[in-house]
Amino acid sequence: MDSRQPPHIPITVFTGFLGAGKTSIILSLLPQLPKDYKVVLLKNEFGDVQVDSQLAKQSSLTAVSEILNGCMCCVLVGQMETALREIRDKYRPDRIIIECSGSAFPATLAFQIHELERQTHNDLRLDAIVTVIDAENFTGYEDTSPTAKMQASYSDIILINKHEHVDEHALDILIDNLNTLNLDTPKIKCNGRNGVDPNILFGIDSKLFRDSIPQDIKDHHDEVKTLTAYRGFPPTCHNHEHHDRESCTTHTEVDVDKDVLAGALASLNKESVWRVKGFVRLESAIWILNWAFGRYDLTLLKGDTSFMHDASIRFTIMGDKYELNRKPIPVAVKKFCAELQVQVM
């Protein structure tokens, strides 16, 4: 082992509701770390569209490990334990960062990491649970989301993100609400795209959930419904009796009009749809879309884009499970899909 390395591998867990900006803050930490400091990200994503992981792979992270199609804080806890051991054995990083899905409450996750501490003789150790708060939208969903309240209530540090989008009065109300939920935990405003100083987040040595999970928070609140939206063409077989490679052709999809995309996103109702993320073909290139509560970013996808050869759009739509489970689907979602000519799966 490199003598520079600590005697254990610290684990920092980032939680926060959908669209709070967890991935952006994690990526903003990397340029502030020493060039030889190895960080591996273990990320839990909704659905099977690996959007944030593609962004992370374009960064200076040593590696990105993914757990998809489930919640790492409950049904996929076993996969999380396996992934942490594999990361330790394969990379021996200076730090592991876990990014939970937006609806995850990390009590079970933290408790299991403390169990791993005992099993690995403190080789893997929980350093901190960091909760990211969306200053612009938290007061809107805290009344309807028990998970958002729990995330803010049980944390070592609360990061207030996107505060530049609200006025001082709204920020004061937000901080009052956060103090009501969790008076003692430090609340730190992020510095826009520059995030926060890693020295503030690293070296906490969390004691949360070390011995048990409080009885009143053992239940996981499954509040989010996901839909997959796809626009593209499957292979077409010309010889229906011989389904070999030569008898099938593929269709290369055309670009999506940028104004049509903007209009479709503007039509969404953020009371029922909280997040849309995925890949879209614009201007003969593949872009990563991140939309949350009315704001969105587009980032050019570098590297391998072959998975989009037969598609113009691959989106994961996330929102209130009661709204998105309705039959038929809500009018705003139906309009969004119609404008982009996507199929919902």
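Using a 4.5 Å heavy-atom threshold, the side chains of Asn44 and Glu99 count as separate. A heavy-atom distance below 4.5 Å is found between the side chains of Phe14 and Val132. Put simply, the side chain of Leu42 reaches to within 4.5 Å of the side chain of Leu84, judged on heavy atoms. Two residues are said to be in side-chain contact when any heavy atoms from C-beta on lie closer than 4.5 Å; Val130 and Thr12 meet this criterion. Residues Met308 and Phe279 meet the side-chain proximity criterion, which asks for heavy atoms closer than 4.5 Å. Within the 4.5 Å cutoff, no side-chain heavy atoms of Lys43 are placed close to those of Ile98. Contact check for Phe293 versus Glu136: no side-chain heavy atoms found under the 4.5 Å cut-off. Residues Leu27 and Leu61 form a side-chain contact, since some pair of their non-hydrogen atoms from C-beta on lies under 4.5 Å apart.
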*Evaluate the criterion side chain to side chain contact (heavy atoms under 4.5 Å, CB included) for residue pair His8 and Leu124; output intermediate values, then yes/no.*
CA-CA 6 Å; His8 66 273; Leu124 294 167; over 6 Å; no
*Can you check side chain to side chain contact (heavy atoms under 4.5 Å, CB included) on Asn191 and Val196, steps first, answer last?*
CA-CA 6 Å; Asn191 185 22; Val196 65; over 6 Å; no
*Would you check, one step at a time, whether the test side chain to side chain contact (heavy atoms under 4.5 Å, CB included) holds for Trp287 with Thr299?*
CA-CA 5 Å; Trp287 295 75; Thr299 305; 5.6 Å; no
*For side chain to side chain contact (heavy atoms under 4.5 Å, CB included), just list the numbers for Phe17 and Ile133, CA-CA rounded to whole Å, side-chain angles, deciding distance to a tenth of an Å, and then say yes or no.*
CA-CA 7 Å; Phe17 205 64; Ile133 297 295; over 6 Å; no
*Hey, mind stepping through Asp123 and Arg92 against salt bridge (charged side-chain N to carboxylate O under 4.0 Å, His left out) and telling me if it holds?*
CA-CA 10 Å; Asp123 195 27; Arg92 193 67 201 180; 2.8 Å; yes
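Atom CD of Glu164 is surrounded by more than 12 heavy atoms from other residues, nucleotides or ligands within 6.0 Å. Heavy-atom neighbours of Lys270 NZ from other residues, nucleotides or ligands within 6.0 Å: above the threshold of 12.
Taken from CD in Gln112 to CG in Leu126, the straight-line distance is 12.0 Å, to the nearest 0.5 Å. Expressed to the nearest 0.5 Å, how far CG of Leu159 lies from OG of Ser155 amounts to 8.0 Å. Here OG1 of Thr62 is found 10.0 Å from CG of Asp36. Values are rounded to the nearest 0.5 Å. Taken from CG in Leu29 to CD1 in Ile97, the straight-line distance is 6.0 Å, to the nearest 0.5 Å. Interatomic distance, Leu181 CG to Phe138 CZ, rounded to the nearest 0.5 Å: 5.5 Å. Taken from OG in Ser312 to CG in Leu261, the straight-line distance is 11.5 Å, to the nearest 0.5 Å.
Side-chain atoms of Asp176 and Asn179 form no donor-acceptor pair, as typed in the model, at a separation below 3.5 Å. Looking only at atom types and distance, the side chain of Asn290 has no donor-acceptor partner in the side chain of Arg295 under 3.5 Å away. Counting only N and O atoms by type, the side chains of Glu339 and Ser267 include no donor and acceptor under 3.5 Å apart. Between Thr131 and Gln151, the side chains place no donor N or O within less than 3.5 Å of an acceptor N or O (distance only, hydrogens not considered). Side-chain atoms of Asn182 and Thr185 include a donor-acceptor pair closer than 3.5 Å.
Shortest non-hydrogen contact noted between Arg231 and Asp255 is NH2-O, 4.0 Å. Closest approach of Asp167 and Ala170 over heavy atoms only: OD1-N, 2.7 Å. Across all non-hydrogen atoms, the minimal contact from Ile158 to Ala152 is CD1-O, 3.5 Å. Across all their heavy atoms, Cys100 and Val13 have their closest contact at SG-CG1, 3.7 Å. Across all non-hydrogen atoms, the minimal contact from Ile25 to Cys190 is CD1-SG, 3.6 Å. When all heavy atoms of Arg275 and Ala292 are compared, the pair lying nearest together is CD-CB, 3.7 Å.
Looking at Arg125 and Glu117, no side-chain N of the basic residue comes within less than 4.0 Å of a carboxylate O on the acidic one, giving no salt bridge. The pair Asp320-Lys225 fails the salt-bridge criterion, with no side-chain N (NZ, NE, NH1 or NH2) lying under 4.0 Å from an Asp/Glu carboxylate O.
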Could you pull out all donor-acceptor pairs under 3.5 Å where a side-chain atom in residues 197-206 meets a protein atom, sequence neighbours excluded?
residue : atom : partner : partner atom : Å
Asp197  : OD1  : Asn199  : N            : 2.9
Asp197  : OD1  : Asn199  : ND2          : 3.2
Asp205  : OD2  : Lys207  : NZ           : 3.1
Ser206  : OG   : Asp156  : OD1          : 3.3
Ser206  : OG   : Asp156  : OD2          : 2.8
Ser206  : OG   : Leu208  : N            : 3.1

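With hydrogens and angles ignored, the 3.5 Å screen pairs a side-chain donor or acceptor of Lys38 with a backbone N or O of Tyr91. Without hydrogens or angle criteria, Arg281 side chain to Ile313 main chain gives no donor-acceptor distance under 3.5 Å. Under a 3.5 Å cut-off, the side chain of Thr316 and the backbone N or O of Thr228 do not form any donor-acceptor pair. Within the 3.5 Å criterion, the main-chain N or O of Cys337 finds no donor-acceptor partner in the side chain of Gln341.
For Glu86, there are no salt bridge (Lys or Arg N to Asp or Glu O under 4.0 Å) partners at least two apart in sequence or on another chain.
Val331 and Phe336 are assigned to two separate hydrophobic clusters, defined by single-linkage of ILVMFWY side chains at heavy-atom distances under 4.5 Å. Transitive grouping of hydrophobic side chains (ILVMFWY, heavy atoms separated by less than 4.5 Å) keeps Ile173 and Ile160 in distinct clusters.
Not less than 6.0 angstrom separates the ring centroid of Trp291 from the ring centroid of Phe315.
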